[in-house]
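One structure below.
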Amino acid sequence: MSQHNDNTPERSQLGKTSAYVDQYDPSLLFPIPRAPKRAEIGLDGAAAMPFFGADLWTAFELSWLNARGKPQVALAHVTIPCETPNIIESKSFKLYLNSFNNSRFADAAEVQARLRADLSEAAWRGAASPATVGVKLLLPELFDREPVHELDGLLLDRLDIECTRYTPAPELLTAAHGEAPVTETLVSHLLKSNCLVTGQPDWGSVQIRYSGPQIEQAGLLQYLVSFRNHNEFHEQCVERIFMDVWTRCRPIKLAVYARYTRRGGLDINPLRTSHPQALPANVRTARQ
């Protein structure tokens, strides 16, 4: 896939001074291949992925002009399947959305169609059988239906633990393989990593649902804290967490879902699950 050679994170607009284009320009979108980072965690593309899921985006700063030049605003929920060969670099996504600001569109349906077409092309670029991404627009009359709710589950952060590791340490993960399996949902608000290119902090909450040998909670929390100085994109961190828990703790079923605080008017919320399931409602947490 030679067309991906120039689409490395270092070549994106991250950390660079950017001109803010306010006329519609889909070329601003910058897809980054998932494959190199997946190879780092043992997924070389030859074998079937051990997970399903999607990246759930929320765009809070979407605006355009109607046919008479009057500004319109909306929220957008975007669902990018994890089967896409690319992620969309978030600053390029922001610049792309800004390009709608002074562009005229007939109605919200046209804006939605443009978003779906452009984001699908970027996310599926290079795929043998490209498909589409999901785009839902919420207009102002629906804003008050947008709830705030924390992730459900037993809070790991209640544990009084010592933390000394701040780069990913999967050896901290253990499970009771000799005991009866359990089904649990565990949550932590202490997930922090850093942008792969700029080093700026990314803050998140993470929910781990599993069935199988009981995971030792103190070690799991220490493991999640160990991402604190790690440089990787949101989607890559969640896949790394999934694979570390999957291989170290060997659950029967596993789902890892993280909700990250927004940056540039965008939040990213990746879900990776070992079994097909309905995607969670894109409900923001208090920090988002």
Side-chain angles (χ1 to χ4, degrees), residues 1 4 7-9 12 14 31-57 78-90 93 122-124 126-127 133 151 167-173 185-188 190-197 202-210 212 215 220 223-261 266-277 279-280 282:
M1 296 185 180
H4 288 165
N7 276 47
T8 60
S12 74
L14 283 170
I32 296 176
R34 297 185 190 267
K37 277 293 181 178
R38 284 182 171 172
E40 287 185 13
I41 56 174
L43 304 174
D44 62 5
M49 291 291 110
F51 49 68
F52 305 88
D55 306 322
L56 309 178
W57 295 69
V78 177
T79 303
I80 300 180
C82 70
E83 294 82 10
T84 60
N86 309 304
I87 63 173
I88 296 175
E89 188 277 303
S90 60
F93 199 159
W124 286 99
V133 305
L151 294 170
T167 56
E171 61 272 16
L172 293 169
L173 295 168
T185 301
L186 306 173
V187 172
S188 175
L190 304 187
L191 181 62
K192 174 196 169 287
S193 52
N194 302 315
C195 173
L196 181 62
V197 176
D202 294 323
W203 306 94
S205 298
V206 61
Q207 179 190 68
I208 296 174
R209 296 180 183 268
Y210 77 95
I215 297 173
L220 176 58
Y223 165 75
L224 294 173
V225 168
S226 76
F227 277 74
R228 196 166 182 84
N229 293 340
H230 182 59
N231 294 344
E232 211 166 38
F233 292 139
H234 305 59
E235 303 93 330
Q236 297 162 351
C237 286
V238 169
E239 292 187 358
R240 186 178 294 275
I241 292 169
F242 180 97
M243 289 304 298
D244 284 345
V245 174
W246 186 248
T247 57
R248 294 268 174 172
C249 300
R250 304 197 300 278
I252 302 165
K253 289 184 176 182
L254 174 65
V256 178
Y257 179 39
R259 295 200 63 91
Y260 283 88
T261 59
L266 290 166
D267 65 35
I268 311 172
N269 310 286
L271 169 74
R272 299 295 183 267
T273 171
S274 62
H275 51 288
Q277 61 173 287
L279 293 174
N282 195 354

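Keep in mind that the numbers below use all heavy atoms, side chains included, and drop hydrogens, waters and symmetry copies. Residue numbers run from 1 in the order of the sequence given.
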* Asked: Side chain of N86, backbone of A122: donor and acceptor closer than 3.5 Å?
  -> yes
* To do: Check side-chain hydrogen bond (donor to acceptor under 3.5 Å, both in side chains) between N194 and all other residues, then give those that pass, not counting sequence neighbours.
  => K192, N231
* Structure fact -> Here the pair of heavy atoms bringing L56 nearest to P280 is CD1-O, 3.8 Å
* Could you check if a side-chain atom of L271 sits within less than 4.5 angstrom of a side-chain atom of L279, using non-hydrogen atoms only? => yes
* Structure fact -> For E83, the salt bridge (charged side-chain N to carboxylate O under 4.0 Å, His left out) test, sequence neighbours excluded, returns none
* Can you name the residues that form a salt bridge (charged side-chain N to carboxylate O under 4.0 Å, His left out) with K37, not counting sequence neighbours? -> E40, E232
* What residues, two or more places apart in sequence or in another chain, satisfy side chain to side chain contact (heavy atoms under 4.5 Å, CB included) together with T185? -> Q207, R209
* **Contacts of A169 that satisfy side chain to side chain contact (heavy atoms under 4.5 Å, CB included) - sequence neighbours left out** => R165, E171, L172, S226
* Set of ring pair (Phe, Tyr, Trp, His ring centres under 6.0 Å) partners for F242, sequence neighbours left out -> F51, W246
* **Residues that D244 engages under side-chain hydrogen bond (donor to acceptor under 3.5 Å, both in side chains), provided they are two or more places apart** => Y223
* Asked: Who are the salt bridge (charged side-chain N to carboxylate O under 4.0 Å, His left out) partners of R38, not counting sequence neighbours?
  -> E239
* Is it true that a side-chain atom of S205 and a backbone atom of R259 form a donor plus acceptor pair closer than 3.5 Å? -> no
* Asked: Residues in salt bridge (charged side-chain N to carboxylate O under 4.0 Å, His left out) with R34, at least two apart?
  -> D55
* To do: Only counting residues at least two apart or in another chain, list the ones meeting ring pair (Phe, Tyr, Trp, His ring centres under 6.0 Å) with Y210.
  => none
* **side-chain hydrogen bond (donor to acceptor under 3.5 Å, both in side chains) partners for Y260, two or more places apart** => none
